[in-house]
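One structure is given here, and the rest of the page talks about it.
Residue numbers count from 1 along this sequence.
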Amino acid sequence: MRYYNFTAEPSQSADDFFMNEAIKEAKIALSLDEVPIGAVIVSNGTIIGKGHNLTEQLNDVTAHAEMQAFTAAANYLGGKYLKGCTLYVTIEPCVMCAGASYWTQISRIVYGAKDEKRGFSLVKSMITHPKTEIVSGVKESDCALLIKNFFLSKRK
């Protein structure tokens with residue numbers, strides 16, 4: 001399957017293409033003064049759910065980008081399981097979001113930058129579904145730069 005984006009390189013992979021879409025969501029969060037994390041869920045080459053952090057807007061600590069995307073994708077499909085789907089998220093999911101991914105039975109999680117302080121890989125037990133493939137480092141520097149610049153601006 002080939003993904004066309006007339007502003008992108010012709011050799012762009014599907015993972016790069018959809019991570020760029022997650023980055024667009026992160027930039028929406030940034031425009032709302034939210035921590036700039038974005039997520040999209042893809043099924044058969046189509047985005048079926050997307051989200052960005054809304055924790056400040058909704059005053060809800062659970063309103064993470066992944067949670068928004070899970071809800072949107074489940075509503076799109078009309079069911080709670082996301083088998084055959086891929087979650088693209090700009091930052092490694094936290095333990096809460098990784099745990100939620102377990103219950104969705106999502107087939108793949110692709111993330112950009114590692115979260116050294118709160119990422120699910122810090123937990124030594126199996127928190128994602130055992131059949132979920134994990135891919136890290138897709139557009140890592142772009143994703144990390146968004147977060148880094150956001151927090152640098154908050155410290156000024």
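- Here the straight-line distance linking atom CD1 of I23 with atom SG of C143 works out to 4.0 Å at 0.5 Å rounding.
- In this model, a donor atom of one side chain and an acceptor atom of the other lie less than 3.5 Å apart for D60 and T62.
- Residues I28 and V35 do not share a hydrophobic cluster, defined by chaining ILVMFWY side chains whose heavy atoms lie under 4.5 Å apart.
- A chain of hydrophobic side-chain contacts below 4.5 Å, direct or via other Ile, Leu, Val, Met, Phe, Trp or Tyr residues, connects I106 to V135.
- Within the 3.5 Å criterion, the main-chain N or O of V40 finds no donor-acceptor partner in the side chain of E25.
- When side chains are defined from C-beta on, F18 does not count as touching T86, because their heavy atoms never get closer than 4.5 Å.
- More than 12 heavy-atom neighbours from other residues, nucleotides or ligands sit within 6.0 angstrom of NZ on K114.
- A 4.5 Å side-chain heavy-atom check between L77 and C85 finds at least one atom pair inside the cut-off.
- Between E140 atom CD and M19 atom CE the span is 10.0 Å, to the nearest 0.5 Å.
- Interatomic distance, CG of N20 versus CG of D142, reported as 7.5 Å (0.5 Å rounding).
- Cluster annotation: L145 is not connected to F151 through the hydrophobic network of ILVMFWY side chains, with a link wherever side-chain heavy atoms come within less than 4.5 Å.
- The structure places CD1 of I41 at 5.5 Å from CZ of F70, a figure rounded to the nearest 0.5 Å.
- With a 4.5 Å cut-off on side-chain heavy atoms, F17 and V42 do not count as touching.
- Both M67 and I147 are assigned to one and the same hydrophobic cluster, defined by single-linkage of ILVMFWY side chains at heavy-atom distances under 4.5 Å.
- Between the side chain of N53 and the main chain of A65, a donor-acceptor pair closer than 3.5 Å is present.
- K148 contributes atom NZ, which lies 11.0 Å from atom OG of S141 (distance to the nearest 0.5 angstrom).
- Within the 3.5 Å criterion, the main-chain N or O of R108 finds no donor-acceptor partner in the side chain of E133.
- Residues D33 and E56 fail the side-chain proximity criterion, which asks for heavy atoms closer than 4.5 Å.
- Between the CG atom in D115 and the OG atom in S121 there is a gap of 8.5 Å [rounded to 0.5 Å].
- Pairing each heavy atom of A69 with each of G51, the nearest pair is CB-N, 4.1 Å.
- Across A98 and F120, no two heavy atoms sit closer than the pair CB-CB, 3.5 Å.
- You'll find the side chain of L32 reaches within 4.5 Å of the side chain of L54, heavy atoms only.
- For the pair T90 and I37, the minimum side-chain heavy-atom distance is below 4.5 Å.
- Under the 30°/60° scheme for interplanar angles, the aromatic rings of Y102 and H129 are found to be tilted.
- The hydrophobic cluster containing W103 does not contain L87, counting ILVMFWY residues as joined when their side-chain heavy atoms lie under 4.5 angstrom apart, directly or transitively.
- Looking only at side-chain heavy atoms (C-beta outward), I134 and Y111 come within less than 4.5 Å of each other.
- You'll find the side chain of T132 stays beyond 4.5 Å of the side chain of S101, heavy atoms only.
- Other residues, nucleotides and ligands place more than 12 heavy atoms under 6.0 Å from the CZ atom of F150.
- Residue-environment remark: NZ (K50) stays at or below the threshold of 12 foreign heavy atoms within 6.0 Å.
- The only option from K83, K131, K80 that meets the side-chain hydrogen bond (donor to acceptor under 3.5 Å, both in side chains) definition with Q105 turns out to be K83.
- Between the E34 side chain and the H52 main chain, no donor and acceptor come within less than 3.5 Å of each other.
- Side-chain atoms of H64 never come within 3.5 Å of backbone atoms of E66 as a donor-acceptor pair (strictly under, hydrogens ignored).
- When all heavy atoms of D15 and V138 are compared, the closest pair comes out as O-CG1, 3.7 Å.
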